[in-house]
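One-based numbering, in listed order, for ligands and for the atoms of each.
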Amino acid sequence: MPINSFRPVVLSVFAALALSPLAVQADMSESEQAALQKSQAAIKEYATTLKAALQTAMKAGGPMAAIPVCHTQAPQIAAQVGKKYDLEIHRTSLKPRAIAPQPWEKTVLEQFEAEKKAGKPIGKIVWHQTVEVDGQNELRLMKAIPTGEVCLTCHGTNVAPAVLSKIKSLYPKDEATGYKLGDIRGAFSVTASLN
Ligand code: HEC
């Protein structure tokens, strides 16, 4: 495929994901652009698959059935998607239920809160950086996750007592309640090595 017919496809993928225009800067290397593109695709696939699993479980048995589904399937789907795209993907949060942020993730999540406060729509809040770890370059990418209506059942300010105790039994250190509609619930976090 000639290179100039590939380019518009790349751009339209970015546009569809509402990635900030900065992400397609001309000074990014080809391997960085490729890593960025597959990271975005992985996030999209993880988000879509997880949402479908959550919706199916909620429909079938409400939150009491959906909690165990989140518990087992969220890490499983992350592992599957990570394998497919050859990268590491997970979700994290400043108030985590399952996965506490690493220091760099915490810094980015704090920056996301500041961006939201400054009026940026959550759907447009993304960040990426290329870093060198043990002599190996890797691309790190994070994308903010908004709190929607359905999320409040298990992450809201008024979680039903039975739901809360089920959550506490699986996650004794849970911090992920007290959210309101439109808050940043957390972020997807991807690390892709640049070869
Ligand atoms: C049925 C209960 C339930 C609902 C509804 C729910 N979640 Fe969760 N959420 C969980 C559980 C359980 C986990 C822990 C999953 C794991 O073990 O990886 C979790 C973890 C997360 C995490 C990972 C960060 C962390 O705190 O560990 C994010 C981000 C998240 N949920 C966002 C959402 C969003 C956004 C929605 C709405 C679209 C939502 N959740 C709806 C139960 C729920």
**Asked** Can you list every side chain to side chain donor-acceptor pair (under 3.5 Å) pair that touches residues 159-170, not counting sequence neighbours?
**Response** none
**Asked** Do any pairs count as a side chain to side chain donor-acceptor pair (under 3.5 Å) and have a residue in residues 45-55, sequence neighbours left out, and if so which ones?
**Response** Glu45-Lys84, Glu45-Tyr85
**Message:** Could you check whether Glu110 pairs with Lys106 (Lys NZ or Arg NE/NH1/NH2 to Asp/Glu carboxylate O, under 4.0 Å)?
**Reply:** yes
**Request:** Answer yes or no: is there an ion pair linking Glu175 with Lys95, defined by an N-O contact shorter than 4.0 Å?
**Result:** no
**Prompt:** Any donor and acceptor pair, going by atom type alone, linking the side chain of Thr177 with main-chain N or O of Thr157 inside 3.5 Å?
**Reply:** no
Identify all N/O pairs between ligand 1 and the protein with a separation under 3.5 Å and present them as a table of atom names and distances.
{"from": "ligand 1", "atom 1": "7 (N)", "to": "His155", "atom 2": "NE2", "distance (Å)": "2.9"}
{"from": "ligand 1", "atom 1": "9 (N)", "to": "His155", "atom 2": "NE2", "distance (Å)": "3.0"}
{"from": "ligand 1", "atom 1": "17 (O)", "to": "Tyr171", "atom 2": "OH", "distance (Å)": "2.5"}
{"from": "ligand 1", "atom 1": "26 (O)", "to": "Arg97", "atom 2": "N", "distance (Å)": "2.7"}
{"from": "ligand 1", "atom 1": "26 (O)", "to": "Arg185", "atom 2": "NH1", "distance (Å)": "3.2"}
{"from": "ligand 1", "atom 1": "26 (O)", "to": "Arg185", "atom 2": "NH2", "distance (Å)": "2.8"}
{"from": "ligand 1", "atom 1": "27 (O)", "to": "Arg97", "atom 2": "N", "distance (Å)": "3.0"}
{"from": "ligand 1", "atom 1": "27 (O)", "to": "Ala98", "atom 2": "N", "distance (Å)": "2.6"}
{"from": "ligand 1", "atom 1": "27 (O)", "to": "Ile99", "atom 2": "N", "distance (Å)": "3.4"}
{"from": "ligand 1", "atom 1": "31 (N)", "to": "Arg91", "atom 2": "NH1", "distance (Å)": "3.4"}
{"from": "ligand 1", "atom 1": "31 (N)", "to": "His155", "atom 2": "NE2", "distance (Å)": "3.1"}
{"from": "ligand 1", "atom 1": "31 (N)", "to": "Arg185", "atom 2": "NH1", "distance (Å)": "3.4"}
{"from": "ligand 1", "atom 1": "40 (N)", "to": "His155", "atom 2": "NE2", "distance (Å)": "2.9"}

Name every donor-acceptor pair, under 3.5 Å, that has one atom in a side chain of residues 58-79 and the other anywhere in the protein, sequence neighbours excluded.
{"from": "His71", "atom 1": "ND1", "to": "Tyr171", "atom 2": "OH", "distance (Å)": "2.7"}
{"from": "Thr72", "atom 1": "OG1", "to": "Pro68", "atom 2": "O", "distance (Å)": "3.0"}

